[in-house]
Asks: 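Starting off with a structure, shown below.
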Amino acid sequence: MDFIIDQLLQEVSKCYKKYSILTDDILSGLAFVFQDVLLPSLDLVDKRRVTRLECASSRTVYQVEGRSGNVYTCFSGSNYCSCPAYNYAVLKRTDHLMCKHLLAVRLSEAMGVSRAVLVSCDEIANVLTSAD
C-alpha cells in the first residue's frame, strides 16, 4: 500500500505544480484510498495549518493545528502523529491508513504549501521529547 500512496502523492505533486489545483481525477484517487479522512485533511491544508519545523542539522518535524486548536506533532517519514485518532483508528482498529493530520502533512509536502519555520536544534529536540 505504501507504493500506491507514494505514487498517488507524486501525481498530486505533478498536478499541483502544473495547474495549482488538484484535478477531479486526482481527488477521486485520493478519496478512494483515504476515504473519509481526505476532506478534513484538505481543509487543514487549505487553511495552512501545517508547519514544517527545520533546524540547521536538517532535522525536520511537522506540527499540525487541528480544528480544535490543539497542535499535533507528525513525523512524515515514519508515519506517526501524536493525535488520539492516530492511536485509535490507525494503530488499534487499523481501519485508516493515516489520520487527517498526517495526511495533511503528506499532501502539503506534495503540494509544497507547508509553512517552513527555522528553529534551533534544541527546539526540535523539545518537540520530539514532548510528542505523546
Side-chain angles (χ1 to χ4, degrees):
M1 185 57 86
D2 289 340
F3 176 76
I4 293 169
I5 293 170
D6 290 342
Q7 291 296 311
L8 189 53
L9 290 171
Q10 285 178 12
E11 292 301 315
V12 165
S13 181
K14 288 178 197 174
C15 178
Y16 198 78
K17 284 178 185 171
K18 186 172 183 177
Y19 303 112
S20 297
I21 61 166
L22 298 180
T23 63
D24 288 343
D25 288 343
I26 295 291
L27 290 170
S28 293
L30 289 168
F32 180 77
V33 173
F34 296 108
Q35 301 172 5
D36 58 335
V37 176
L38 178 62
L39 290 179
S41 298
L42 289 170
D43 188 50
L44 292 170
V45 173
D46 284 344
K47 292 180 178 173
R48 303 291 194 252
R49 293 194 172 174
V50 178
T51 303
R52 184 178 67 250
L53 303 177
E54 302 173 353
C55 71
S57 68
S58 300
R59 288 191 174 95
T60 302
V61 66
Y62 289 85
Q63 291 190 317
V64 180
E65 181 185 349
R67 186 179 60 211
S68 64
N70 292 335
V71 176
Y72 301 105
T73 301
C74 297
F75 308 121
S76 172
S78 62
N79 287 331
Y80 170 81
C81 180
S82 62
C83 76
Y86 179 85
N87 189 38
Y88 183 70
V90 177
L91 296 179
K92 289 184 181 171
R93 282 195 351 212
T94 66
D95 59 356
H96 288 88
L97 297 172
M98 57 184 72
C99 67
K100 66 183 176 184
H101 310 106
L102 191 52
L103 181 55
V105 166
R106 299 288 303 270
L107 288 169
S108 68
E109 280 180 331
M111 297 163 68
V113 296
S114 61
R115 293 179 294 144
V117 176
L118 188 60
V119 297
S120 72
C121 291
D122 287 341
E123 288 175 278
I124 291 278
N126 287 338
V127 168
L128 295 175
T129 57
S130 67
D132 291 336

Asks: Is there a continuous path of hydrophobic side-chain contacts, each under 4.5 Å between heavy atoms, that joins L107 to V105?
Replies: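 Looking at the clustering, V105 is in a separate group from L107.
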Asks: Treating Ile, Leu, Val, Met, Phe, Trp and Tyr as nodes and any side-chain heavy-atom pair under 4.5 angstrom as an edge, say whether V71 and Y86 lie in one connected cluster.
Replies: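 Each belongs to a different hydrophobic cluster.
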Asks: Who are the side chain to side chain contact (heavy atoms under 4.5 Å, CB included) partners of N70, not counting sequence neighbours?
Replies: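 With neighbours one apart ignored, the set is S68, Y72.
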Asks: Using side chain to side chain contact (heavy atoms under 4.5 Å, CB included) as the criterion, list what pairs up with I21, not counting sequence neighbours.
Replies: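 Side chain to side chain contact (heavy atoms under 4.5 Å, CB included) list for I21, sorted by chain: Y19.
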Asks: May I ask you to check whether over 12 heavy atoms, not counting those of R115, lie within 6.0 Å of atom CZ?
Replies: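 Atom CZ in R115 is crowded, with more than 12 foreign heavy atoms closer than 6.0 Å.
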Asks: Identify, with sequence neighbours excluded, every residue that meets salt bridge (charged side-chain N to carboxylate O under 4.0 Å, His left out) alongside E11.
Replies: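 Only K14 meet the salt bridge (charged side-chain N to carboxylate O under 4.0 Å, His left out) criterion with E11.
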Asks: To the nearest 0.5 Å, what is the distance between CG (L9) and CG (L30)?
Replies: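 Separation between the atoms: 7.0 Å.
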Asks: Would you please name every residue forming a side chain to side chain contact (heavy atoms under 4.5 Å, CB included) with K47, sequence neighbours left out?
Replies: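 Testing K47 for side chain to side chain contact (heavy atoms under 4.5 Å, CB included), a comparison that skips the adjacent residues, returns D43, R49.
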Asks: Working to the nearest 0.5 angstrom, can you tell me the gap between D6 CG and R106 CZ?
Replies: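 The distance works out to 5.5 Å.
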Asks: Per the salt bridge (charged side-chain N to carboxylate O under 4.0 Å, His left out) rule, what does the pair list look like for residues 81-104, sequence neighbours excluded?
Replies: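 Matches after skipping sequence neighbours: R93-D95.
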Asks: In chain order, what residues pass the side chain to side chain contact (heavy atoms under 4.5 Å, CB included) check against V113, with sequence neighbours excluded?
Replies: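 Result, side chain to side chain contact (heavy atoms under 4.5 Å, CB included) vs V113: Y16, V45, R48, S108, M111.
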Asks: Could you state the interatomic distance from CD (Q63) to SG (C81), rounded to the nearest 0.5 Å?
Replies: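 The distance works out to 10.5 Å.
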Asks: What are the two closest heavy atoms between T60 and E54, and how far apart are they?
Replies: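 What the structure gives for the nearest pair is OG1-CG, 4.0 Å.
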Asks: Just verifying a value: how many Å separate H101 NE2 and R67 CZ, rounded to the nearest 0.5 Å?
Replies: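 H101 atom NE2 to R67 atom CZ measures 8.5 Å (nearest 0.5 Å).
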Asks: Answer with yes or no whether the hydrophobic clustering places I4 together with L22; edges join I, L, V, M, F, W, Y residues whose side-chain heavy atoms lie under 4.5 Å apart.
Replies: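 As far as the 4.5 Å side-chain criterion goes, L22 and I4 are connected within one cluster.
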Asks: So which atom in L38 and which in A31 form the shortest heavy-atom distance, rounded to 0.1 Å?
Replies: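 Shortest heavy-atom separation between L38 and A31 comes out as CD2-N, 3.5 Å.
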Asks: Could you tell me which non-hydrogen atom of L118 sits nearest to which non-hydrogen atom of A56, and how far apart they are?
Replies: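 Reported closest heavy-atom pair: CD1-N, 4.5 Å.
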Asks: Would I26 and F32 show up in the same hydrophobic cluster when neighbours are defined by side-chain heavy atoms closer than 4.5 Å?
Replies: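 Yes, it is one cluster - the side chains of I26 and F32 are joined through contacts under 4.5 Å.
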Asks: Decide yes or no for V119 and V127: does some side-chain heavy atom of the first lie under 4.5 Å from some side-chain heavy atom of the second?
Replies: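 When only atoms from C-beta onward are counted, V127 and V119 do not touch, as no gap falls below 4.5 Å.
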Asks: If you compare all heavy atoms of V37 against all heavy atoms of C99, which two are closest, and at what distance to 0.1 Å?
Replies: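 Nearest pair, atom of V37 first, then C99: CG1-C, 3.6 Å.
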Asks: Nearest 0.5 Å please: distance from the OG atom of S41 over to the CG atom of D46.
Replies: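 The distance works out to 11.0 Å.
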Asks: Should L102 and L53 be regarded as members of a common hydrophobic cluster, given that ILVMFWY residues are connected when their side-chain heavy atoms come within less than 4.5 Å of each other, either directly or indirectly?
Replies: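 Same cluster.
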Asks: For a 4.5 angstrom cut-off between non-hydrogen side-chain atoms, does L97 reach Q35?
Replies: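 Sidechains of Q35 and L97: no contact.
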Asks: Rounded to the nearest 0.5 Å, what's the gap from CG on L103 to CG on N79? Could you check?
Replies: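 Between L103 CG and N79 CG, I get 10.5 Å after rounding to 0.5 Å.
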